[in-house]
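In what follows, residues are counted from 1 in the order of the sequence shown.
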Amino acid sequence: MAKAEASVEELVAMIERGELSLPEMQRRYVWRSTRVRDLLDSLYRGYPSGAILLWETDEDVPLQDFSVSQNESPYKSRSTRLLLDGQQRLTSLSAVIRGEGITVKGKKRPMELLFNLEHPDGHSFVTEVNEEGDDDEDDIQDAEVDSSEDELQQRFEKMTFVVSAKKLETLSHWVKVTEVFASDGDAHFLERAGIQSFADHRYKKYSERLAKLRNIRKYIYRMDVLERGLSYDEVTEIFVRVNSLGAKLRSSDLALAQITARWRNSLEIFQQFQKECADNGYDIDLGLVLKNMISFATGQSRFLTVNKVPLATLKSAWQESCRGMDFAINFLKSNVNIDSSTLLSSPYLLVALAYFAHKRNYEISVEESNRLRFWVLIANAKGRYSRGSSETLLDQDLLTLRTGGAEELIDRVRLQFGRLDISADELEGRNRRSALFKTMFLAFRAARAKDWRSNLVISLNHSGAQHQLEFHHIFPKAVLKNDYSSREADDIANLAFIGGGTNRKISSKSPAAYLAAVLEKIGPSGLAAQAIPSAERLFDVANYKEFLVQRRQAIADRLNEFLAGFTDKDLAPASPSVVDLIAAGESDVVEFKSSLRWDMATDQLNKKLEDVIMKSVSAFANTKGGFLLIGVNDVGEVLGLDKDYASMDGGSRDKFERHLRQLAKDKFGISYTSTQVNCDFAKINGLEVCKITVRPAPHKAAHLIVDKNGQLGERLYVRNGNASQELPISEMHDYIKQRFA
């Protein structure tokens with residue numbers, strides 16, 4: 001292997017002239033502007049920046065375009081010089097030095113950095129950048145308007161390089177990096193800084209710093225050049241090993257190199273499908289596209305055996321995986337109302353959905369579709385693939401789907417988290433990076449939450465900076481900074497969704513100064529749409545912790561209500577106490593019954609009363625669920641269950657519950673009542689009351705089996721106000737179609 005050296009400006013010129021090419025095996029350009037900033041800072045200080053790996057070959061190798069433009073090389077040669085390691089660095093340097101934008105996912109974005117002529121000596125303030133991620137910004141933006149201008153300015157003044165900001169561009173000691181590289185003279189920058197003579201103490205300092213910045217062009221990179229006689233397969237192996245040892249590339253990037261080495265020109269095929277997904281609202285990483293293909297090829301998602309999978313198997317799996325991914329995206333958009341990949345806590349949900357449909361040959365029943373819809377929502381909310389070993393969890397689900405279905409997927413979520421409802425405790429300490437934050441948006445949008453000024457329903461798709469969705473700190477950070485930590489300020493219970501214009505207008509005002517006006521304009525229901533308490537005393541900073549406690553509970557209730565709306569048979573909304581239900585009185589979701597089978601009027605056993613109880617259960621199930629209290633009369637007086645207990649041989653609470661469950665089983669069938677009807681008991685003033693929690697029937701109507709003149713038949717009951725009524729046959733079809741579609 002030959003050794004060589006080249007300066008940054010020589011390497012940039014080689015890219016511009018078309019003398020360096022990118023092989024198909026390379027991953028795409030993924031760096032954020034902040035990472036480019038940190039590269040410039042390192043080179044400015046003369047820190048090591050790694051080596052460049054090249055391969056000169058006469059072989060006809062599939063290529064891809066750089067993310068910066070190239071001219072056609074004037075030198076016609078059979079030999080090609082390929083860049084194997086260093087693409088991210090050289091592309092970034094080329095963009096900054098040449099003053100050219102970078103093409104990412106088909107869109108050209110500027111690479112504008114500013115240099116601080118007044119930067120402090122010593123170490124610069126550098127922000128860590130996550131190299132492993134896809135490096136795309138969230139669609140729900142944080143405009144940092146909660147930080148005061150002074151705080152931001154103080155932070156920037158500690159830095160040598162920053163990503164360009166309009167306010168900083170107006171300051172005389174901040175200069176555009178590209179303009180410095182484009183000029184060999186300092187006069188323009190010194191004049192702009194107000195330096196009029198050599199006597200100015202800044203003259204020498206600024207001139208030396210500008211020269212040091214330009215000297216980045218002279219920075220020398222060591223180049224390792226692979227010998228010409230190596231084959232493409234050997235070079236691919238070297239590429240994989242070099243990048244594996246340095247952990248610079250993700251496993252998907254290395255897998256791409258191995259796949260394209262055997263399947264020539266496949267990168268263009270993969271990228272075209274990726275673009276089609278993006279056009280459909282799902283801007284997914286190329287690595288996920290490959291993981292989906294491998295899942296279809298091998299039944300598991302890891303790339304460990306990708307080099308052993310026959311090429312014919314890969315090609316067949318590719319066709320099937322595209323079909324599966326199309327289903328997954330369509331299902332999320334049409335059946336779950338998740339219209340963007342931004343709203344997924346993990347893109348692995350797409351792989352599981354695609355594999356699910358594939359295993360069923362895309363023939364899915366209404367019931368299974370509803371259960372699958374709930375699994376998506378609860379797995380997304382709980383963060384099924386967002387913690388621990390996500391690939392292991394995905395492989396468990398893929399294995400489950402070989403013989404099981406949505407019900408088994410839901411069981412795995414239950415096994416992982418222990419419960420399927422959302423508690424207020426789960427929200428404590430969470431921030432916008434929590435999986436629950438995305439479900440918050442879905443739940444608030446479903447509740448028709450609106451921007452507080454424009455009255456537009458919150459959406460990811462609004463155009464214009466004024467209406468682009470941002471998350472807003474209800475208590476701005478600037479208001480909380482003296483009494484609370486940054487972590488407390490970023491609590492998920494302190495975040496709401498509003499448009500950018502509204503966010504900027506509020507800026508760092510305290511809730512006491514702005515939220516009362518918002519409340520007056522939109523009313524308590526407008527705040528409640530985002531689970532924000534409307535008690536004005538909670539708008540005081542002194543009551544911030546109490547505000548968080550109340551809002552966490554309100555958010556949990558809203559999330560459970562939202563998830564229950566997707567008719568899962570295992571999820572109950574947060575259940576109120578018997579005392580609270582009695583205090584609230586009967587309603588469309590609460591009913592009181594004096595007894596199960598003891599007739600209080602005649603003081604004797606009357607088993608016909610059991611049918612009345614079952615009618616109420618049926619009505620709640622066929623409407624939106626509810627609570628049935630047995631042992632309480634219709635005016636809310638607690639009578640207890642002693643006489644019902646006594647009517648059963650050896651009567652007790654346990655026997656009462658078993659009898660009640662047997663009744664429900666006989667009247668509805670075990671498939672509904674085993675999981676949809678839940679019994680709890682409470683003791684009030686020494687008297688026991690049974691609370692029956694009835695969840696909405698998930699997929700089909702809960703018909704009540706009745707005995708009419710010795711003939712068994714079915715009746716359909718629904719709630720009408722605070723009463724249960726039988727639905728006439730003439731109305732049944734339309735009601736069932738509307739309620740269970």
Exercise for the section: Give a yes or no on whether the backbone of Ser423 and the side-chain of Arg552 come within a donor-acceptor separation of less than 3.5 Å. Expected result: no
Practice task
Go through the structure and list residues passing ring-ring contact (aromatic ring centres under 6.0 Å, His included) with Tyr544, not counting sequence neighbours.
Solution key: Phe475, Tyr484
Handout entry: Test item: Asp283 side-chain N/O and Ala278 main-chain N/O as donor-acceptor pair under 3.5 Å
Key = no
Problem - Glu426/Lys382 under salt bridge (Lys or Arg N to Asp or Glu O under 4.0 Å): CA gap, chis, key distance, verdict - result: CA-CA 9 Å; Glu426 286 181 75; Lys382 291 284 188 177; 2.9 Å; yes
Problem - CD1-CG distance between Ile498 and Asn503, expressed to the nearest 0.5 angstrom - result: 4.0 Å
Practice task
Search all heavy atoms of Ser459 against all heavy atoms of Leu469 and return the closest pair with its distance.
Solution key: O-CB, 3.4 Å
Exercise for the section: Give a yes or no on whether the backbone of Asn431 and the side-chain of Arg487 come within a donor-acceptor separation of less than 3.5 Å. Expected result: no
Handout entry: Side chain proximity check, Tyr514 to Lys505, heavy atoms < 4.5 angstrom
Key = no
Exercise for the section: Give, for atom CG of Leu40 and atom CZ of Phe161, the distance between the pair rounded to the nearest 0.5 Å. Expected result: 5.0 Å
Practice task
Report yes if some heavy atom in the side chain of Ile692 is under 4.5 Å from a heavy atom in the side chain of Phe627; otherwise report no.
Solution key: no
Problem - Criterion side chain to side chain contact (heavy atoms under 4.5 Å, CB included) on Asp451 and Ile458, from CA distance to verdict - result: CA-CA 6 Å; Asp451 177 76; Ile458 59 174; 5.5 Å; no
Handout entry: NZ/Lys683: more than 12 non-hydrogen atoms of other groups inside 6.0 Å
Key = no
Problem - Stepwise side chain to side chain contact (heavy atoms under 4.5 Å, CB included) test for Leu409 and Arg412 - result: CA-CA 5 Å; Leu409 290 178; Arg412 285 209 165 273; 5.6 Å; no
Practice task
Measure from the side-chain N and O atoms of His462 to the backbone N and O of Val457, and report whether any donor-acceptor pair falls under 3.5 Å.
Solution key: yes
Exercise for the section: Check side chain to side chain donor-acceptor pair (under 3.5 Å) between Arg453 and all other residues, then give those that pass, not counting sequence neighbours. Expected result: none
Exercise for the section: List in chain and number order the residues that pass ring-ring contact (aromatic ring centres under 6.0 Å, His included) with Trp375, two or more places apart in sequence or in another chain; answer none if no residue qualifies. Expected result: none
Practice task
Classify the ring geometry between Phe444 and Phe497 as parallel (under 30°), tilted (30 to 60°) or perpendicular (over 60°).
Solution key: perpendicular
Practice task
Can you measure from CZ (Arg504) to OG1 (Thr502) and round to the nearest 0.5 angstrom?
Solution key: 9.0 Å
Practice task
For residues Lys158 and Pro120, report the shortest heavy-atom separation together with the two atoms involved.
Solution key: O-CG, 3.7 Å
Practice task
Assess the side chains of Asn335 and Ser369: does a donor N or O sit below 3.5 Å from an acceptor N or O?
Solution key: yes
Problem - Test log, rule side chain to side chain contact (heavy atoms under 4.5 Å, CB included), inputs Val96 and Leu39 - result: CA-CA 11 Å; Val96 173; Leu39 172 65; over 6 Å; no
Practice task
Mind checking the CD-CG spacing from Gln416 to Asp411? Nearest 0.5 Å is all I need.
Solution key: 13.0 Å
Practice task
Applying side chain to side chain contact (heavy atoms under 4.5 Å, CB included), run through Ile338 and Leu442 and close with a yes or a no.
Solution key: CA-CA 8 Å; Ile338 296 179; Leu442 292 170; 4.0 Å; yes
Practice task
Side-chain contact test, heavy atoms from C-beta onward, threshold under 4.5 Å: evaluate it for Leu460 versus Leu343 and give yes or no.
Solution key: yes
Handout entry: Point-to-point distance, once rounded to the nearest 0.5 Å, from OH of Tyr44 to NE2 of His119
Key = 3.0 Å
Practice task
Might you point out which heavy atoms bring Ala193 and Ser172 nearest each other, and give the distance in Å?
Solution key: CA-CB, 3.7 Å
Completion exercise
Looking only at heavy atoms, the pair that brings Phe539 and Pro533 closest together is CE2-O, 3.6 Å
Practice task
Kindly say whether Glu112 contributes a backbone atom to a donor-acceptor pair with the side chain of Lys176 at under 3.5 angstrom?
Solution key: no
Practice task
Taking only Lys NZ, Arg NE, NH1 and NH2, and the carboxylate oxygens of Asp or Glu, determine whether Glu391 and Lys291 approach each other closer than 4.0 Å.
Solution key: yes
Problem - Side-chain donor-acceptor pair present, Asp397, Tyr348, cut-off under 3.5 Å - result: no
Fill in the blank from the handout: dist Lys477:NZ -> Asp490:CG (nearest 0.5 Å) comes out at 4.0 Å
Exercise for the section: Give a yes or no on this: more than 12 heavy atoms of other residues, nucleotides or ligands lie within 6.0 Å of atom CZ of Arg448. Expected result: no
Handout entry: Heavy-atom side-chain contact between Leu344 and Leu332 under 4.5 Å
Key = yes
Handout entry: Side chains of Pro476 and Pro511 in contact at under 4.5 Å (non-hydrogen atoms)
Key = yes
Practice task
Return yes if some donor-acceptor pair links the side-chain N/O of Ser164 with the main-chain N/O of Leu113 below 3.5 Å, else return no.
Solution key: no
Exercise for the section: Report yes if the side chains of Asn494 and Leu480 come closer than 4.5 Å at any heavy-atom pair, otherwise no. Expected result: yes
Practice task
Would you confirm whether Arg719, through its side chain, and Asn722, through its main-chain N or O, come within 3.5 Å as a donor-acceptor pair?
Solution key: yes
Practice task
Decide, yes or no, whether a salt bridge links Arg35 with Asp38 under the criterion of side-chain N to carboxylate O below 4.0 Å.
Solution key: no
Handout entry: Within-4.5 Å side-chain heavy-atom neighbours: Ile522 and Lys450
Key = no
Practice task
Mark yes or no for whether Asn280, through its side chain, and Tyr282, through its backbone, hold a donor-acceptor pair below 3.5 Å.
Solution key: no
Handout entry: Under 3.5 Å donor-acceptor, Gln530 side chain and Phe441 backbone
Key = no
Problem - Carboxylate-amine/guanidinium contact Arg551 Asp491, below 4.0 Å - result: no
Practice task
Verify, without hydrogens or angle tests, whether Ser508 (side chain) and Ala478 (backbone) share a donor-acceptor contact under 3.5 angstrom.
Solution key: no
Handout entry: Pair Tyr29-Ser92, side-chain donor/acceptor within less than 3.5 Å
Key = yes
Exercise for the section: Quick one: closest heavy-atom pair of Leu286 and Gln274, and the distance? Expected result: N-NE2, 3.3 Å
Problem - Ionic contact status for Asp41 with Arg37, cut-off 4.0 Å - result: no
Exercise for the section: Determine whether Trp174 and Glu169 make a side-chain contact, defined as any pair of heavy atoms from C-beta on separated by less than 4.5 Å. Expected result: no
Problem - Nearest atoms (heavy-atom pairs only) where Ala328 meets Leu353 - result: CB-CB, 3.7 Å
